Enquirer: 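Can you keep this structure in mind? I'll have questions shortly.
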Amino acid sequence: MIRLLIIAITLLSVYTGNSQDYFRIKTDFMIKGKASSGEQQLTVGKIYYDKNIKKIVFDISFPEKEIWIQKDTNLYKIVNGLVTDKQKTPSIVDFTIYNLALNGSLSDFGLKKTNFKIIDIEKEGNSIYTTWEPPKELKELYGNVIIQNTDQKLTGIIFKNKDDIVVGRQFFKKYINIKGLAFPTEIIRETTINDKKIYEITTFSNIVVNEFTSDDKYDFKIPRHK
Amino acid sequence: MKTIFTFVIIFMFGLSSFASNADLFKLDYNAVQEEFSELNAIVEIIKANPETTYSSLAVTNAGLVESANLLPDAAMPLANAEHVLGIPPFWWGCVFGVVGVGIVYFLTDQNSGEAKKALWGCAVSTIAGGAFYFFVFAAAAASSGG
């Protein structure tokens, strides 16, 4: 009887643990972009991310079929099974929306784990506005960051320059809940250049969390260079 | 009269200077969507046929591609001859977000081509989730021993 009880408790604890442990996310994405010159860009595809593997796999179908993989400090472009380009990058995987969401850090955009400090919290309506001040080392370059949380979800970010002028805004909209994980299905980015506002809209759909199949997609093997 | 005018100006300036944080987050959502109305026709074609590529679209719907002023490339211009501080404009946009675009813009003597590449870097940072900007902060935080 005691043995059965132990097994039941163990199973229950494993089940409870899994319900809160998010490690994989897969989503369709579409990005619409428009430059001030009027040129437009459309990128469509799927994204696979496993926080234990730490590779972001972009399986792009439009404008052309190609795969981009962000791994460590490299971004690979793969076309027809061959690496056609490789670019050195900063190691940014930890600071992507996918990693932040899976680790429960999206609500503060990961700022809590940096040297940014909260200098003001304001409540207005249903939203809370938190102003983060950059560390002194960065004050010559960057200004405050204001984060808007609504119903405990990240709904907006404002970036200011050192002169306290807003230089960019991002809005996180249309959250859905997948197995308890809240994830925005629309991100609007506003950039101001030459006093003109430029917009990009990213939409996510068919989001899957903790998929146990398709290991080869999440851990896409990077082929040899051409 | 002049004094009253001065007070009115100061009062109005005061009002605009103390816009609340909530005001900073106001967005004309419909206007933003309207920006992409031309692109939506192409989106519908892709939804109907997910195998559509730019190459095929340029053949079957050349007029639409032209009127939308659609670029043929995904946002990954890897080969750049002139880099700011040795960093391709693409990555300035990608890593530094909108601030990076500004840096490229000013340091390249307002070379719009370079700034445009940085802007597309921003687009890729959107693909990657919009948080690239904070790589810089995190790196600085780590190096400051924080």
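This is a predicted model, so every value here is computed, not measured. When reading the values below, keep in mind they use all heavy atoms of this one structure, side chains included, and skip hydrogens, waters and symmetry mates.
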Enquirer: Let me know if A:Leu42 has heavy atoms under 4.5 Å from chain B in its side chain, its backbone, both or neither.
Expert: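 Contact with chain B involves both backbone and side-chain atoms of A:Leu42.
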
Enquirer: Are any side-chain N or O atoms of A:Lys32 and backbone N or O atoms of B:Leu39, one a donor and one an acceptor, separated by less than 3.5 Å?
Expert: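 Side chain of A:Lys32 to backbone of B:Leu39, a donor-acceptor pair under 3.5 Å: no, none is there.
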
Enquirer: Spell out, as yes or no, whether a donor-acceptor pair under 3.5 Å connects the side chain of A:Gln40 to the backbone of B:Ala68.
Expert: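 Answer holds: yes.
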
Enquirer: Please report the interatomic distance CG(B:Asp23) to CD(A:Glu124), rounded to the nearest 0.5 Å.
Expert: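 Between B:Asp23 CG and A:Glu124 CD, I get 6.5 Å after rounding to 0.5 Å.
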
Enquirer: Against B:Asn21, only a single residue in A:Ile146, A:Ile121, A:Ile147 fulfils side-chain contact (heavy atoms from CB on, under 4.5 Å); can you say which?
Expert: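 Result for side-chain contact (heavy atoms from CB on, under 4.5 Å) with B:Asn21: A:Ile146.
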
Enquirer: Could you tell me the separation between the CD atom of A:Glu122 and the OG atom of B:Ser20, rounded to the nearest 0.5 Å?
Expert: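 The CD atom of A:Glu122 sits 6.0 Å away from the OG atom of B:Ser20.
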
Enquirer: Do other residues, nucleotides or ligands put more than 12 heavy atoms under 6.0 Å from A:Asn177 CG?
Expert: yes

Enquirer: Pick one of side chain, backbone, both or neither for B:Ile46, based on which atoms fall under 4.5 Å of a heavy atom in chain A.
Expert: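 Contact with chain A: side chain only.
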
Enquirer: Is it true that atom NZ of A:Lys162 has more than 12 heavy atoms of other residues, nucleotides or ligands lying nearer than 6.0 Å?
Expert: no

Enquirer: Crowded around A:Lys136 NZ? As in, over 12 foreign heavy atoms under 6.0 Å?
Expert: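 Check fails, neighbour count at 12 or below.
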
Enquirer: Counting heavy-atom pairs under 4.5 Å to chain A, which of B:Leu70, B:Val32, B:Leu57, B:Thr53 comes out on top?
Expert: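 Highest number of pairs under 4.5 Å: B:Thr53.
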
Enquirer: Sort A:Thr155 into side chain, backbone, both or neither according to what part of it lies under 4.5 angstrom from a heavy atom of chain B.
Expert: neither

Enquirer: Given a strict heavy-atom distance threshold of 4.5 Å, which part of A:Gln148 is in contact with chain B: side chain, backbone, both, or neither?
Expert: both

Enquirer: Kindly give the heavy-atom pair with the smallest separation between B:Pro72 and A:Pro63, and that separation in Å.
Expert: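 Smallest heavy-atom distance, with atoms named: O-CB, 3.3 Å.
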
Enquirer: Against chain B, label A:Lys173 side chain, backbone, both or neither, depending on which of its atoms sit under 4.5 Å from a heavy atom there.
Expert: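 Contact with chain B involves the side chain of A:Lys173 alone.
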
Enquirer: Parallel, tilted or perpendicular for A:Phe171 and B:Phe25, by the 30°/60° rule?
Expert: perpendicular

Enquirer: Would you mind reporting whether B:Gln33 and A:Ile201 have side-chain heavy atoms less than 4.5 Å apart?
Expert: yes

Enquirer: Heavy-atom distance under 4.5 Å to chain B: side chain of A:Ile128, backbone, both or neither?
Expert: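 Neither part, no heavy atoms under 4.5 Å.
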
Enquirer: Atom CG of residue position A:Asp163 - does it have more than 12 heavy atoms of other residues, nucleotides or ligands inside 6.0 Å?
Expert: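 Above 12, so yes.
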
